[in-house]
Amino acid sequence: MSLEQFQDRNVAEQNYFHVDIPDYPTTGWGKVKRAASRTFKGELFVGLWVVFREMIKFDIHTVQYPKEKLPVGPRYRAVHEMQRLFESGTERCIGCGLCEKICISNCIRMETKLDENSRKLVTDYTINLGRCIFCGYCAEVCPELAIVHGPRYENVSDQRAHFTDFSDMLTPIDAAISGTQKEFDGFGAVTPHEDERVKTTPLAY
Amino acid sequence: MDIAFLIETVVKIVVILLVFSALAGFGTYFERKVLAFMQRRLGPMHVGPYGLLQIAADGIKLFTKEDIVPQNVVGPIFKIAPVITAATAFMAAAAIPFMPSFTMFGYEVHPILADINIGILYILGVMGIGLYGPLLGGLASANKWALISTARAASIFISYEVITGLALLAPLMMVGSLSLIDFNNYQVGGIASWIVWSQPVAFVLFVIAGFAETGRTPFHLVANDHEIIDGFGTEYSGMRWGLFFIGEYANMFFISFVIAILFLGGYGDGSGLGALALLAKVSFIFFFFLWTRAAWPDVRPDQLMWLCWKVLMPIAVINIVITGIVMMF
Amino acid sequence: MFEAIAFYLFAFLTIVMFSVTVFTKQALYALTALAAGMIFISAFYFLLGADFLGAVQIIVYTGAVMALYAFGMMFFDTTRNVKEYGRSPQIIFLLSGMIALLIVIIFVVPIVSENITAIYPVIEGVGNSQAVGMVLFTKYLIPFEVAAVMLLVAMIAGIVLAGKKMDYSLTLMEDEEIKLAEESKEKALS
Ligand code: SF4
Ligand code: SF4
């Protein structure tokens with residue numbers, strides 16, 4: 001069976017078949033016959049042979065995790081990344097508070113204030129990854145593509161405080177300026193043909 | 001009773017204890033590796049080369065873990081139950097002739113601890129006592145899973161003692177002795193004189209009963225992880241649980257030795273080659289224990305009882321009768 | 001020397017174990033002590049050179065009989081102490097004491113009067129199990145066979161008593177059938 005066949009979720013069109021299971025014997029003689037056929041059919045030895053064959057073939061499928069890692073899909077939802085604007089490098093987050101509102105495990109907490117230019121400024125932003133269930137709602141709801149999910153799934157620590165480290169999630173400023181910051185094409189990201197849908201005058205219909 | 005005999009006995013005891021504990025440790029390693037290979041995995045790989053030091057890591061972990069004695073258990077019984085399991089497994093090894101006697105520094109050494117002429121009965125007895133580990137551990141645990149596992153252990157042990165005894169009776173009649181050494185000497189004439197050829201039914205019955213009494217996979221009901229957690233071991237932690245574990249593996253090796261000596265020719269004519277052959281046979285039977293675990297599903301407790309009383313016992317009795325008739329004429 | 005030490009050691013252990021069995025209020029202690037006592041008794045057989053009987057003692061009493069006791073104990077909460085209701089402990093004490101005394105007298109008298117001799121002295125060159133077999137199948141053949149027949153009768157009776165509903169499987173019956181069976185049972189009872 002090839003991998004495509006496994007990934008094909010269209011169950012109705014696949015060639016599934018029913019296993020032939022004989023009826024449960026009700027008479028004593030039927031039970032004897034079943035026991036005899038099970039004993040002498042050699043099904044047990046078929047099982048032994050199958051596992052032994054696999055052992056001899058030595059066709060090992062183990063991924064030796066810390067040394068080898070499986071590639072992570074582009075839409076994988078692991079530890080969040082706070083993106084920055086290209087060029088200027090300021091944080092994209094505008095402090096709208098939508099992510100805080102939608103988070104179903106209540107793990108985003110933010111404080112905002114108005115700065116001297118009467119613009120909203122995020123003073124304190126934490127995601128408690130110890131509580132986060134990585135549902136992706138925050139990334140989906142963010143209007144600025146500021147909060148996205150990254151591929152970093154190894155987030156173990158011996159201190160709970162480490163799970164809330166904001167600077168850990170924030171993209172480094174030089175990555176933003178040099179343009180190496182990766183756009184996330186997962187949950188809530190801009191779809192590739194988004195440009196065609198943008199109207200110059202949105203209300204002209 | 002001279003001093004030399006005393007020293008020899010003590011040395012033998014120490015050797016048996018060390019060898020069997022080491023075997024139990026390596027047994028766990030081989031079990032993991034063999035099961036892994038049969039399931040296209042690699043098994044333990046990280047601790048030491050090819051994961052060989054995993055045994056040491058497990059040992060250290062078990063030794064340093066907190067020894068928890070839960071609140072409502074019957075303390076003393078709870079504490080000695082694992083010791084009984086491990087001790088019976090080692091005690092049983094006392095009657096096994098591992099090798100033919102050899103001469104070392106001008107002194108004749110018999111590599112058997114207690115050369116009693118009723119070795120087989122002794123083995124059956126000790127196997128029967130092996131029941132007390134699960135039994136007392138489960139009853140003292142104040143835990144429903146443990147209790148279920150205890151009930152299963154008691155029924156399995158009582159039933160399969162019968163099968164072991166009856167299955168061994170037919171070869172016993174042929175050899176005419178209860179001594180394991182006599183059994184070995186009966187089969188010195190090479191592969192053709194192995195008892196397994198003249199008593200194949202008894203061999204199969206004994207292997208099945210051995211599986212049941214060690215609680216290995218087709219009959220892994222006493223500590224069946226997916227329905228009754230760890231059975232009688234549910235409440236145990238640390239080294240006490242480790243003793244149950246050692247007992248289980250030592251028991252497997254013990255049964256392998258017994259099968260090899262009773263049915264597969266033992267150490268043969270007593271040369272070095274024969275001793276190696278015994279080791280090879282034991283390793284193969286141990287491998288078979290692991291092999292079946294990878295290949296076969298478990299049976300239900302009622303099927304196990306059905307198998308014992310309605311199938312195996314009649315076959316064993318018929319086998320004895322036929323053997324008797326054949327021997328008479 | 002060794003034999004004397006072993007004898008007194010095992011005698012002491014046996015007595016302690018059986019005392020625990022009698023005096024304790026905890027059913028599990030009693031069970032464990034009884035099993036241990038049985039094993040210690042087998043040590044006497046080994047000391048006397050009767051290996052066969054020793055091993056059989058372990059197999060039968062420790063391996064089988066005690067396991068059956070344990071089966072019974074699984075229906076109780078063995079982690080609690082047992083409350084005993086004795087109306088008049090004096091009478092029980094008196095009666096059991098008398099019986100114990102009688103048994104001791106019965107067994108000690110022939111030893112004191114020194115007229116026990118072995119009818120079947122140990123034959124040289126014959127193993128333990130052979131010796132048992134010879135006596136069992138010559139002198140005691142009739143009692144042996146009678147015991148066997150009695151056990152067979154007991155086994156058949158047990159099967160008949162327990163096996164009345166052996167072809168009655170709740171897992172194979174439809175719900176209505178189970179209901180019908182229940183009703184007919186109730187009718188039979190009332
Ligand atoms: S992924 Fe879900 S749970 Fe985690 S911070 Fe975002 S909204 Fe909250
Ligand atoms: S939704 Fe986006 S922009 Fe709004 S507060 Fe959250 S991260 Fe910042």
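Here is how names work: the chains are called A, B, and so on, in the same order as the sequence lines, proteins then strands, and each is numbered from 1. Predicted model, so just to flag it, every value in this text is computed and none were measured.
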J.: Among B:G130, B:G128, B:G125, which residue has the highest count of heavy-atom pairs closer than 4.5 Å to chain C?
T.: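 Most heavy-atom pairs within the cutoff with chain C belong to B:G125.
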
J.: When you look at CD1 of C:I91, are more than 12 heavy atoms from neighbouring residues, nucleotides or ligands closer to it than 6.0 Å?
T.: no

J.: Checking side chain to side chain contact (heavy atoms under 4.5 Å, CB included) between B:L121 and each of C:V56, C:L53, C:I58, which is the one that passes?
T.: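 Per the side chain to side chain contact (heavy atoms under 4.5 Å, CB included) rule, the option paired with B:L121 is C:V56, out of C:V56, C:L53, C:I58.
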
J.: Indicate the atoms forming the closest heavy-atom contact of C:A67 with B:Y132, along with that distance.
T.: N-OH, 4.2 Å

J.: Show me the pairs that pass salt bridge (charged side-chain N to carboxylate O under 4.0 Å, His left out) and involve residues 132-151 of chain B, at least two apart or across chains.
T.: none

J.: Sort B:I80 into side chain, backbone, both or neither according to what part of it lies under 4.5 angstrom from a heavy atom of chain C.
T.: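 For B:I80, side-chain heavy atoms alone lie under 4.5 Å from chain C.
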
J.: Which bit of C:F71 comes within less than 4.5 Å of chain B, counting heavy atoms only: side chain, backbone, both or neither?
T.: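 Interface part for C:F71: side chain.
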
J.: Under the side chain to side chain contact (heavy atoms under 4.5 Å, CB included) rule, collect the residues that match up with C:V153, sequence neighbours excluded.
T.: C:V149

J.: Could you check which of B:I158, B:L147, B:T150, B:L139 has the highest count of heavy-atom pairs closer than 4.5 Å to chain C?
T.: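 Going by pairs under 4.5 Å, I would pick B:L139.
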
J.: More than 12 heavy atoms of other residues, nucleotides or ligands under 6.0 Å from CD1 of C:I142: is that the case?
T.: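 It does not: C:I142 CD1 has 12 such atoms or fewer within range.
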
J.: Please state whether the side chain, the backbone, both or neither of B:F78 comes within less than 4.5 Å of a heavy atom of chain C.
T.: neither

J.: Using the ring-ring contact (aromatic ring centres under 6.0 Å, His included) criterion, which residues pair with B:F244? Sequence neighbours excluded.
T.: B:F232, B:Y236

J.: Nearest 0.5 Å please: distance from the CD1 atom of B:I129 over to the OG1 atom of C:T62.
T.: 5.5 Å

J.: Pick from B:V74, B:L136, B:L135: which one has the most heavy-atom pairs with chain C under 4.5 Å?
T.: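 Of the options given, most contacts go to B:V74.
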
J.: Side chain, backbone, both or neither: which part of B:L178 has a non-hydrogen atom closer than 4.5 Å to chain C?
T.: side chain

J.: Hey, which residues of residues 20-34 of chain C are touching chain B, say heavy atoms under 4.5 Å apart?
T.: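 The residues closer than 4.5 Å to chain B, in numerical order, are C:Q26, C:L28, C:Y29, C:L31, C:T32.
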
